[in-house]
Structure formats: structure tokens, C-alpha cells
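Read the structure below first, then the notes.
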Amino acid sequence: MARRWRARGWTAGLMIGALAVTGAVGVSGPAAAAPTPVPAAEQPADGESGSIDVTISDAEYQALVAEGKKREAGLLKTPGAPAQAAVRPASIAAETEHRKPVSLETASRQSRQMGAQHPSPVKAAPPVRTGATGPVTNVAPAIGDQPDQGALDQCMTSDAENEFGHVLNRFVYCKRFETQVNFYRVVQGFRIKMGETEFTYELVGQGDDHARRIRTFARIQEDSVDYDWRIGWEQVFIAPYLPLSFIMNCVEDFEVCNATRGPVVLPFVTWDNNTDWFYWDVYNFARSGVGRDVISYNQFYLEFQALGYGVSDPGHSASRRVRCDSATYLAHGTTQYPEACVFAEVIPHLNYQVGTDHGSVALHIATAQDRPNDTWPKLVPEDVPPPRDKRIPGKYQPGVADAPGLHRITAELHPGQTKDNEDHKEGACYKRGTQKDLYLDTGLPTPPDTSVEQCDEYPFGSTLEGAAHPDWDFSVRAVPQRDNSVAGGILRAWYTDDRILAWDAELPAPDITNDEFYVNIE
């Protein structure tokens, strides 16, 4: 019966246990094992299997046993974590298989569908830009040699323990996933499975809001390595000292993206006792971008491979997609964010909360989304049967990929559309301006008291679907000035913090490739 050994706590007692297992199975080497084919179920699979085939000669096997005995006796030391190479070896880049990128439309559509399949948990906190330990719900955490601890604490929860991982927000991604590598020897042309080593890797990605890159971090979760090998000696003296390589790669070709820094290679026993993160940068090149904001998508993945013993097949994580741009209009005050990369497989949504300092705006939006017929302006004057129900877009519906959303516009880039939205709002709220005649009988019966109130509109005046849109309806309501001011400030900050790009009519398939976002009321 196979026994499992941990890579921690090497003691004399463990040595005795190893001898007992060896005695139970016999001390003949692996060459004496019956040459049976590997069942199809044990063959390495595509995707997230992590299977690795390793061919080990008899001479290599005997050398490893001798080395293991020396390590156990304290004559050899297990190497510590190495300094990570800053330069990616040319051989690594040359051997990595790259693919041509898909079209912008395909990347946008696939990202949206994946985001709907794996919706992020709704977060109550509004956008706040803070340091390394504070809230980072909707912002880009600082890029450093280790993951931002605030982002890590929020992201690396049970939501991250699956094949997809967890997109906390557009700037933070994480994953914790258990996988294994299988080891084989080839005897008389047959592959003999000699054992498997299980481990749990952790992966974190942080989008950069100052450059077209993401910084990725990886490690093996401490004390997660487990061994299940056929021969006791191999399980004790070989398996823990087999080296495992981690490196981050880019899926697309070098016209689109590239990953930097070399691989990290450690024995399993060292990985299992390590708590440091190793990082790689994945850069996206502006030359691959499309449209006014130079938009480009690429994918990345973690590759791992056993080294040093014949031929091995690399295992890898599932690839995740990012979107990069060079939009010049995103800023907080005088601080500009002219380039960035964000995680694309998420549905952007702004959260407003009832019962807060912007609660009346939240209530207005909730009414517009859920009971649009109860809002002003009416479709027709009082006492006239309405021809249809009002249709107001933008409600966040987790898991629904094709829900009608909103698209950002700006006064600088879309002066005509923003002015039209303002004119229709003024007509519906105050019965004044160029559109006043349109709303004389259907607008607000009592205009807002401008000494204490303001006119709130939904969809926002900063969206393509605002009051002037010919195909959608809208709502106006008088709200306290303070609530409207706070809600407007949250919206403006969120546009930058969540990297919401403005509408670009020149993009291919603009209804699909432009940023679409939603509003969630809590």
C-alpha cells in the first residue's frame, strides 16, 4: 500500500519510518518493477491537469538515492530560495509556444461571457484609494515585490479556490488551486508511473494603472506538498529533492505581449517551506492596440515543470485575459493615469448604498431600475393610457452576460451628446431650455427647490444612454444637494479607479468592444 510523506520535519524517526516502508515493498530498484503500460486515465491531460512525464535512468536513480542519503545525514544542505533572475533567458522565450491574438470583438465577447460565468461578489465599500493595508475594493493597489496585503486579504478567500480563480476587481486577481505532477520511468518502452507529488499553488495578479503591464506573483502554499510514490526510498530520498520550476508566460505572440524575468527553480521540500512570493511582469505592447485608446487584449498563465531527469511535459494554470489601453483622460485631480492594464473577465459595476450620505440617489436609481413606470417624466400626460412600459438600462445582474448596460461619455470627447443629455434633463426637471416643450405635460410636476435640492438623473448624464438617447427612457427626481454631490463624486472617482473607457464609435463592433458597465443598489 502506498504511503504519503510530508516534506517537513526530517528526523531520525522519519528515517526509521522510511526504512519500514522500504522493507514492506522490497529493496529492489525500480528497474525490477513489472513493465506495465500507463492506463489512459493516468496520462497527462490538457489544460489544468499539471501532469508531468519524467524519464529517469537507472544511473540517475542510483545517484538520487545516494544524494538523498547524504542530505538525510546532513552532509548536503537543501538550497534556500534563490535570488530571482531579473532577465528572462532567451531560451525560455524561444521555447514558449505563442499564438496569434483573437480579434478585439472576440476577446471582448469572451471576456464578458467569462465574467458573467464567474461574477465577483458585490462589495459594499465605495471606491477608496488607500495604502497597502486599507480598503482596495475598487482601486489599483501599489505595485511592489510582494502582493499588496490589503488586496491579498480581500481576494484570497474561498472564492479563489477553483480553476478560474477570483477577480476581486479590475485590478486584482488571485487563485489557489491544488494540482499534481506525475512521475514515470520508461522500462523496455513502457511508461511506469512511479509516483505523484501534489501541491497547491497560489497566484496573484495586480494590474498597473501607470503602465501597460500586470505584475503576477506565485508560490506554493506552505505545507501543501504531499507525496505518494510506489517505492519508499524514492518517496523519502528522491521526491522531496526533485526541482520544480515556476515561470509566467504570455499566450499571444511578441507583437502583443511578453513576460519578463527568469524562472524560479526550487526542490519541492524548499517550495513547501517557503512563504515568499516570486514575481513576473507581463507587458502589453501599444503597437498591437486598436482605436482612440489603443486597446489590446492578451492572456497569461503560470507554467511549472520538473527539471533534470529526461523529458518532462510542463503543467500550467488556466490562462486569464487582461485588457490594456493608453487612454489619456483618466485622472484624479492633477494625477494622470495615461496607461493601464486591467483584468478583463469581470463585469464592471458601481455600487451605491441606501441609508448613506448618498441614499436618496440610491433610492432613485433603484426605483428607475425596478419600477420605471413610477418615475418621471411620464411617457404621456396624466390620464392618457401609456403606449408601453418605460425601459431604463444599467441594472447589474450577476451572471447575465447580455443585460443592457451603460457606456461612458465625456464632455471633451462627446460634447454634443453630453449637452443633449443636459438639455433633456433640464426640460424634464425644470421645464426650461431647448427641450422644455417636450416635457411640459410629462415632466416633474414640481421642480426641485434649488436652494436645497438638485435634479438627479438616471441613466447618468455622462453615459451614452442618458436622457437624450432615442432608444431608452430615463428618470429625474429632486434629491438633497448633499446626496447628489456625494453620488457624483463617487461616480467620477469610480470611472478612473475601475478604468472605465469612454465610448469610441470607431472601434470595430462598437456595441461589443466598448466598455459596458452597470449600477448595483444595496
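Model, not experiment: these values are computed from the prediction.
Taken to the nearest 0.5 Å, the CG atom of D272 stands 5.5 Å off from the CG atom of D223. D402 contributes atom CG, which lies 11.0 Å from atom CD1 of I512 (distance to the nearest 0.5 angstrom). L244 CG to I220 CD1: the interatomic distance, rounded to the nearest 0.5 Å, is 5.0 Å. Between the CG atom in D497 and the CZ atom in R492 there is a gap of 13.0 Å [rounded to 0.5 Å]. The distance from atom CZ of R230 to atom NZ of K193, rounded to the nearest 0.5 Å, is 9.5 Å. Put simply, CG on L266 and CG on N274 are 6.5 Å apart, with the number rounded to the nearest 0.5 Å.
Here the closest non-hydrogen pair linking F199 and V181 is CE2-CG1, 4.0 Å. The shortest heavy-atom contact between L203 and F300 is CD2-CE1, 4.5 Å. The two residues A218 and W280 have their closest heavy-atom pair at CB-CZ3, 3.8 Å. Looking at every heavy atom in both residues, Y297 comes nearest to S111 through CE2-OG, 3.9 Å. Closest non-hydrogen pair, S224 versus T200, comes out as OG-N, 3.1 Å. For the residue pair R499 and D325, the shortest heavy atom distance occurs at NH2-OD1, 2.7 Å.
With contacts defined as side-chain heavy-atom distances shorter than 4.5 Å, the pair N520/L350 does not qualify. Using a 4.5 Å heavy-atom threshold, the side chains of S296 and V256 count as touching. Here the side chains of T216 and V204 are not in contact, with every heavy-atom distance at 4.5 Å or above. In this structure, the side chains of F177 and Y201 come closer than 4.5 Å at one or more pairs of heavy atoms. Residues D209 and V342 form no side-chain contact, since every pair of their non-hydrogen atoms from C-beta on lies 4.5 Å or further apart. Contact annotation: the side chain of T197 never approaches that of L242 to less than 4.5 Å [non-hydrogen atoms, C-beta and beyond]. Proximity of Q110 to T106: side-chain heavy atoms (C-beta onward) are separated by under 4.5 Å at one or more points. Between L406 and W503 the shortest side-chain heavy-atom distance does not fall below 4.5 Å.
Residues meeting the side-chain contact (heavy atoms from CB on, under 4.5 Å) test with A331, sequence neighbours left out: Q336. Annotation: side-chain hydrogen bond (donor to acceptor under 3.5 Å, both in side chains) contacts of E339 (sequence neighbours excluded): none. Under the rule for a ring-ring contact (aromatic ring centres under 6.0 Å, His included), the partners of W271 that lie at least two apart in sequence or sit in another chain are F246, F278. Remark: V290 engages L104, L507, P508 in a side-chain contact (heavy atoms from CB on, under 4.5 Å) (not counting sequence neighbours). Contacts of R88 classified as side-chain hydrogen bond (donor to acceptor under 3.5 Å, both in side chains), with partners at least two apart in sequence or in another chain: N249. Evaluation of the side-chain hydrogen bond (donor to acceptor under 3.5 Å, both in side chains) rule for D281 yields R213, R215 as partners, not counting sequence neighbours. By the side-chain hydrogen bond (donor to acceptor under 3.5 Å, both in side chains) test, R109 is found to be paired with E105, residues two or more places apart in sequence or in another chain being considered. For V346, the side-chain contact (heavy atoms from CB on, under 4.5 Å) criterion is met by S120, V167, R170, not counting sequence neighbours. Residues satisfying the side-chain contact (heavy atoms from CB on, under 4.5 Å) criterion with E202, sequence neighbours excluded, are M156, R176, R219, Q221, W277.
The closest donor-acceptor contact from the side chain of D228 to the backbone of E196 lies at 3.5 Å or more, if one exists at all. Put simply, the side chain of T513 gets close to the backbone of A509: a donor and an acceptor are under 3.5 Å apart. Although no hydrogens or angles enter the test, the distance criterion places a donor-acceptor pair under 3.5 Å between the side chain of Q206 and the main chain of A142. With E252 contributing its side chain and Q299 its backbone, the two residues share a donor-acceptor pair below 3.5 Å. Of the possible polar contacts, none joining the H118 side chain to the A116 backbone as a donor-acceptor pair under 3.5 Å is found. For the pair D498 (side chain) and I500 (backbone), a donor-acceptor distance under 3.5 Å is absent.
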Checklist entry - Between M248 and E303, is a side chain to side chain contact (heavy atoms under 4.5 Å, CB included) present by the stated rule, with each step listed? => result CA-CA 6 Å; M248 206 68 63; E303 182 177 301; over 6 Å; no
Item to check | Derivation of the side chain to side chain contact (heavy atoms under 4.5 Å, CB included) call for E198 and E178 | outcome: CA-CA 7 Å; E198 298 177 349; E178 182 178 338; 3.6 Å; yes
Next on the checklist: Does M194 form a side chain to side chain contact (heavy atoms under 4.5 Å, CB included) with I231? I'd like the steps, not just the answer.
Outcome noted: CA-CA 7 Å; M194 302 308 298; I231 306 299; 4.1 Å; yes
Checklist entry - Stepwise, does the side chain to side chain contact (heavy atoms under 4.5 Å, CB included) test hold for N514 with L501? => result CA-CA 7 Å; N514 275 286; L501 301 182; over 6 Å; no
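Annotation: cation-pi geometry not satisfied between R212 and F285 (NZ/CZ under 6.0 angstrom from ring centroid, within 45° of ring axis).
For H407 and D511, the side-chain atoms include no donor-acceptor pair closer than 3.5 Å. Between R320 and Y173, the side chains place no donor N or O within less than 3.5 Å of an acceptor N or O (distance only, hydrogens not considered).
Relative ring orientation between H316 and Y301 is described as perpendicular, the plane-to-plane angle rising above 60° on a 0-90° scale split at 30° and 60°.
Between D515 and R408, none of the side-chain N atoms (NZ, or NE/NH1/NH2) sits under 4.0 Å from a carboxylate O, so this pair counts as no salt bridge. Salt-bridge annotation for R112 and E516: present, with a side-chain N of the basic residue lying under 4.0 Å from a carboxylate O of the acidic one.
Pairs passing the disulfide bond (SG atoms under 2.5 Å apart) check and including a residue from residues 162-204, sequence neighbours excluded, read C155-C174. For residues 282-300, every residue pair satisfying the salt bridge (charged side-chain N to carboxylate O under 4.0 Å, His left out) rule, not counting sequence neighbours, is listed here: E255-R287. For residues 202-296, the pairs satisfying disulfide bond (SG atoms under 2.5 Å apart) are C250-C257, with sequence neighbours left out.
Aromatic rings from Y396 and F517 are positioned such that their centres are separated by 6.0 Å or more. Ring centers of Y337 and H210: under 6.0 Å apart, within the cut-off. You'll find the ring centres of F183 and W229 inside the 6.0 Å limit.
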